[in-house]
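Whatever order the structure lists them in is the order used to number ligands and atoms, beginning at 1. Since the model is a prediction, treat every value here as computed from it, not as a measurement.
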Amino acid sequence: MSKIIHCDLFCNVIDNYGDIGVCWRLARQLAGEFGLEVRLWVDDLGSFARLCPEADAALESQHCRGVEVRRWCDPFPEVQPAELVIAAFGCKLPQSYIDAMAMQESKPVWINLEYLSAEDWVYGCHRLPSPHPSLPLTKYFFFPGFTKQTGGLLLERDLLTRRDEFLGNSAQQQAYWQSLGMDMPEAGTLKVSLFGYENAALAGLFDVWAAGAQPVLCLVPEGRILPQVGQYFGDAEPGAGIAYRRGSLRVQVLPFVEQERYDELLWACDVNFVRGEDSCVRAQWAGKPFVWQIYPQHDAVHWEKLQAFLNLYCATLSLAASEAVQGLWREWNDEGGAGAAWSAYTVVRCELDARAPSWARELAENNLALNLLDFYQEIGRMRAFEIEGQ
Ligand code: TRH
């Protein structure tokens with residue numbers, strides 16, 4: 001029987017839900033699908049509890065869905081380091097923990113799991129070692145990404161099967177809409193989910209939807225864009241459960257749901273507006289057209305990141321579809337005229353609908369958790385070989 005691998009996964013929540021979203025997903029997958037003993041260290045359990053409502057943000061230690069969740073506090077407790085140590089998004093590990101790693105006879109495999117990017121400089125940095133300046137430890141960079149030259153994307157083993165079952169089963173879909181307190185939308189209604197940051201382009205988009213011939217049902221999970229939604233409809237206190245209507249547009253505000261349930265929303269809609277990192281990946285697994293609001297950075301480097309992804313995503317589209325996607329995404333991210341760009345997008349929707357499932361299938365060939373564990377084993381073999389050679 002093979003030995004159980006212990007994994008310490010460190011998550012420093014910078015803001016929002018992306019950091020913890022990625023870590024929680026990876027932790028569950030490593031524990032549930034690969035049998036690792038995972039300890040997830042989180043410095044903001046309040047954010048974690050939004051994704052996993054059964055968690056108690058006041059506890060130092062608890063078990064959730066097969067994962068030991070620990071508060072990352074200062075001073076850091078004295079613990080035995082795991083064989084596999086993952087620092088999510090390059091977060092800085094506690095010094096006492098690094099010292100303890102250096103004391104181990106068999107040194108842990110220390111991996112910096114980086115942010116997702118489609119930029120090609122990533123190819124040269126993926127799997128690069130970085131020896132510690134003073135301790136006998138090496139940290140390795142691991143980059144998620146969209147091509148074979150990267151570590152791939154987080155994808156649960158059964159996700160695409162579950163998605164296809166949902167899409168092929170109207171009873172399941174009906175049950176989903178009922179769980180939202182709604183009837184299944186009538187055929188011909190365009191169903192849109194809208195998860196985003198504050199965005200000045202929203203009003204223009206709502207105007208176009210409201211004035212259009214096609215009925216649009218827009219589902220908005222509670223979050224940063226909600227005050228603007230309320231403002232559009234003259235409501236100073238928008239909240240989950242509230243619905244609005246103007247012309248052909250109906251907006252329904254949804255509660256923020258536990259992480260596993262967010263996928264159903266993406267599957268149930270025709271177009272998904274997403275943001276950050278994790279929801280953007282989930283929208284791709286949904287096999288539906290999507291519009292990405294990238295996480296804005298002060299030095300505007302996010303534009304290069306956005307363009308790098310667009311270059312990949314649009315490479316197999318017709319010129320018209322490529323221009324329409326790029327036009328809408330740019331306007332949405334620039335907080336500009338998304339309403340006008342929407343019309344061109346509508347014209348190419350059929351092509352985008354057809355392309356999205358095959359795009360997901362292609363990405364699914366590169367599974368991040370699997371690659372991470374292969375890399376862990378590879379480093380172990382490399383070290384054993386070096387010891388034999390001494
Ligand atoms: O929340 P985000 O904007 O996260 C971020 C962070 O800002 C982070 O600092 C930054 O580095 C990163 O983006 C790029 O967007 P993201 O990544 O999509 O994370 C949202 C998570 O919330 C994702 O795991 C899905 C989840 N979610 C739910 O669990 N329930 C919900 O109802 C919704 C709408 C989302």
List the steps and the verdict of salt bridge (charged side-chain N to carboxylate O under 4.0 Å, His left out) for E33 and R28. CA-CA 8 Å; E33 292 182 18; R28 280 203 322 270; over 6 Å; no
Nearest-contact summary for [atom] - protein heavy atom, Å:
atom	value
atom 22 (O) of ligand 1	Y17 CB, 3.6 Å
atom 26 (C) of ligand 1	L51 CD2, 3.9 Å
atom 32 (O) of ligand 1	V257 N, 2.9 Å
atom 24 (O) of ligand 1	D278 OD2, 2.6 Å
atom 9 (O) of ligand 1	D15 OD1, 2.5 Å
atom 2 (P) of ligand 1	R275 NE, 3.4 Å

So, do [X] and [Y] have ring centers that fall under 6.0 Å from each other?
X	Y	result
Y376	F34	no
Y295	Y115	no
Y97	F10	yes
F48	W24	yes
W41	F76	yes
F195	F273	no

If I apply the N/O under 3.5 Å rule, does [X] come out as touching ligand 1?
X	result
I14	no
Y295	no
Y262	no
G18	yes

Could you check whether any heavy atom of Y197 sits closer than 4.0 Å to an atom of ligand 1, since that is the contact criterion I want to use? yes
In this structure, does ligand 1 have an atom that sits under 4.0 Å from one of the heavy atoms of Y115? yes
Atoms of ligand 1 less than 4.0 Å from [X] heavy atoms?
X	value
D19	8 (C), 9 (O), 11 (O)
E277	13 (O), 14 (C), 16 (P), 17 (O), 18 (O)
Q259	24 (O), 29 (O)
G21	24 (O)
P221	34 (C)

Would E156 and R162 count as a salt bridge (charged side-chain N to carboxylate O under 4.0 Å, His left out) here? Give the steps. CA-CA 10 Å; E156 296 82 359; R162 285 194 290 115; 5.3 Å; no
Taking the side chain from Q293 and the backbone from Y197, do they hold a donor-acceptor pair closer than 3.5 Å? yes
Do the side chain of E114 and the main chain of F141 share a donor and acceptor less than 3.5 angstrom apart? no
Out of P296, S193, G223, S279, whose heavy atom is nearest to atom 18 (O) of ligand 1? S279
Classify the contact between F256 and ligand 1 as side chain, backbone, both or neither, using a heavy-atom distance cut-off of under 4.0 Å. both
Describe, in one word, how the ring planes of F143 and H126 are oriented to each other, choosing from parallel (under 30°), tilted (30 to 60°) and perpendicular (over 60°). perpendicular
